Amino acid sequence: KFPAEQAETTISAIDIQVGRTGALTPVARLQPISVGGVIVSNATLHNEDEIERKDIRIGDRVIIQRAGDVIPQIVGVIAESRTGTESKFLFPERCPICGADATRIEGEAVRRCRGGLKCAAQLFEGLKHFVSRDAFDIEGLGARQIEQFIDLGWITSPADIFALDSYKEAIAELDGYGAVSIAKLLAAIDNRRQIGMARFIYSLGIRQVGQATARLLALHYGEMDQMMTTLKPDADLLAAHAALVEIDQIGVAMADDIISFFSIPDLYQIVQKLLDVVTVLPPDRPVNNSPVSGKT
């Protein structure tokens, strides 16, 4: 293999991007330069530890390359080119999008926004997950429609999806919507006003909670009202955490993420608002009196 082509340029600024899971990722804005025949003007800095390790500052002359001839990366700083006008980047402790706390869990390199679906940067990806096949499975409500309805201000939380029928006439004025497609979309939404508890929990997009864990939680709590009462922000969360850890296949880190999600008042209210417009069905429990119960 040939070594990656490198070039020198200057970091003009460092911005923060907020991802689907709330991860704050620093991105270096570079003076545009050609590397391997491609004009590069941005390069990810990964996390605050990477900035500290490479001692990267705003205004630095840096060496960049395209990792695998694809992804721009900063190889290192040209320290001897410093003039004293360079400035250190202070990593924010609040989300630059929604203003919520941006916390870093011990042992992790990433700082995350705790705004959840209240954060505009996380809302779009969160809603895509919410309507996905293994969650609410709302046919006809894809990424394009979600983005469009968010931009129009019609959807600001998952519960707003179930009020789209009030925008029926306005939807008809949008490009690509006819009477039949609108009727199908609203019918698909209406058909999901009842949902199993495991699907409901999975649809919330709680970090580390996949389909299997969502079913474990559904079987543990039995009803959403019980889960909401146990995990509400002013409840005994230490006892709730201890009870979660006792569930087979749920560890301390996973329990931390579950408790963290429901302990944020804004997120708790989003879930409560959703429960006001949908009916969550209790989980089907395994049959214990079948002819093969207890047998191997």
Side-chain angles (χ1 to χ4, degrees), residues 20-23 101 103-110 112-118 122 125-137 157-159 192 194-276 278-296:
R20 181 185 68 83
T21 61
D101 288 339
T103 58
R104 180 176 174 180
I105 298 174
E106 187 175 351
E108 292 191 3
V110 177
R112 297 180 188 278
C113 165
R114 297 193 66 195
L117 295 178
K118 292 288 287 184
Q122 299 177 63
E125 293 294 341
L127 288 176
K128 278 172 58 180
H129 173 79
F130 180 82
V131 303
S132 64
R133 185 183 299 274
D134 296 321
F136 267 73
D137 190 21
S157 74
R192 293 295 182 267
Q194 283 193 342
I195 189 171
M197 186 172 172
R199 274 181 174 264
F200 182 89
I201 295 171
Y202 174 70
S203 75
L204 299 177
I206 303 170
R207 191 163 173 253
Q208 295 197 66
V209 175
Q211 291 172 264
T213 304
R215 176 153 178 78
L216 289 174
L217 293 172
L219 291 172
H220 174 71
Y221 290 108
E223 295 180 351
M224 272 312 297
D225 284 348
Q226 178 62 35
M227 186 174 183
M228 294 294 285
T229 300
T230 304
L231 299 178
K232 63 182 179 181
D234 60 352
D236 186 351
L237 298 181
L238 288 177
H241 186 280
L244 285 171
V245 174
E246 289 179 4
I247 302 173
D248 186 32
Q249 300 178 54
I250 293 184
V252 173
M254 192 180 292
D256 287 342
D257 285 333
I258 296 167
I259 294 293
S260 177
F261 180 89
F262 286 96
S263 66
I264 300 172
D266 284 344
L267 292 183
Y268 187 88
Q269 288 303 318
I270 284 175
V271 180
Q272 190 62 64
K273 184 180 177 183
L274 181 59
L275 288 170
D276 291 339
V278 301
T279 300
V280 179
L281 306 175
D284 294 327
R285 296 188 175 277
V287 178
N288 295 321
N289 59 351
S290 73
V292 293
S293 291
K295 298 184 184 298
T296 301

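Here the structure is a predicted model, which means the values were calculated and not measured.
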How many angstroms lie between NE2 in His241 and OG in Ser263, if you round to the nearest 0.5 Å?
11.0 Å
Do Gln208 and Thr213 come close enough that some side-chain heavy atom pair is under 4.5 Å?
no
Can you confirm whether Thr279 sits close enough to Phe200 that some side-chain heavy atom of one is under 4.5 Å from a side-chain heavy atom of the other?
no
Can you tell me how far apart CD (Glu223) and CG (Leu281) are? Round to the nearest 0.5 Å.
11.0 Å
Please state whether the rings of Phe130 and Phe136 are parallel, tilted or perpendicular, taking 30° and 60° as the class boundaries.
parallel
Can you list the steps and then say if Thr21 with Arg112 is a side chain to side chain donor-acceptor pair (under 3.5 Å)?
CA-CA 8 Å; Thr21 61; Arg112 297 180 188 278; 2.7 Å; yes
Side chain proximity check, Asp257 to Met254, heavy atoms < 4.5 angstrom
no
Run Met228 and Phe262 through side-chain contact (heavy atoms from CB on, under 4.5 Å) and show every step you take.
CA-CA 8 Å; Met228 294 294 285; Phe262 286 96; 3.8 Å; yes
For residues Pro283 and Ala218, report the shortest heavy-atom separation together with the two atoms involved.
CG-O, 3.3 Å
I'd like to check Val280 versus Asp225 (side-chain heavy atoms, cut-off strictly below 4.5 Å). Are they in contact?
no
Taking the side chain from Arg104 and the backbone from Glu108, do they hold a donor-acceptor pair closer than 3.5 Å?
yes
Residues two or more places apart in sequence or in another chain: which of them pass ring pair (Phe, Tyr, Trp, His ring centres under 6.0 Å) with Tyr202?
His129
Less than 4.5 Å apart, side chain to side chain, heavy atoms only: is that true for Arg192 and Asp137?
yes
Leu267 side chain reached by Arg114 side chain, heavy atoms, under 4.5 Å:
no
To the nearest 0.5 Å, how far apart are CD1 in Ile259 and CG in Leu238?
8.5 Å
Hey, what do you get for CZ (Arg199) to CG (Asp134), rounding to the nearest 0.5 Å?
6.5 Å
Test item: Val209 and Ile201 side chains (from C-beta on) under 4.5 Å apart, heavy atoms
yes
Hey, does Ile270 have a side-chain heavy atom less than 4.5 Å from the side chain of Pro158?
yes
Check Leu244 against Ala255 and note the closest heavy-atom contact, atom names and distance.
CB-CB, 4.0 Å
Rounding to 0.5 Å, atoms CE (Met197) and CE (Met227) come to a distance of 6.0 Å
Roughly how far, to the nearest 0.5 Å, is NZ of Lys232 from CD of Gln269?
11.5 Å
For the pair His220 and Leu216, evaluate side-chain contact (heavy atoms from CB on, under 4.5 Å) and give the outcome as yes or no after the intermediate values.
CA-CA 6 Å; His220 174 71; Leu216 289 174; over 6 Å; no
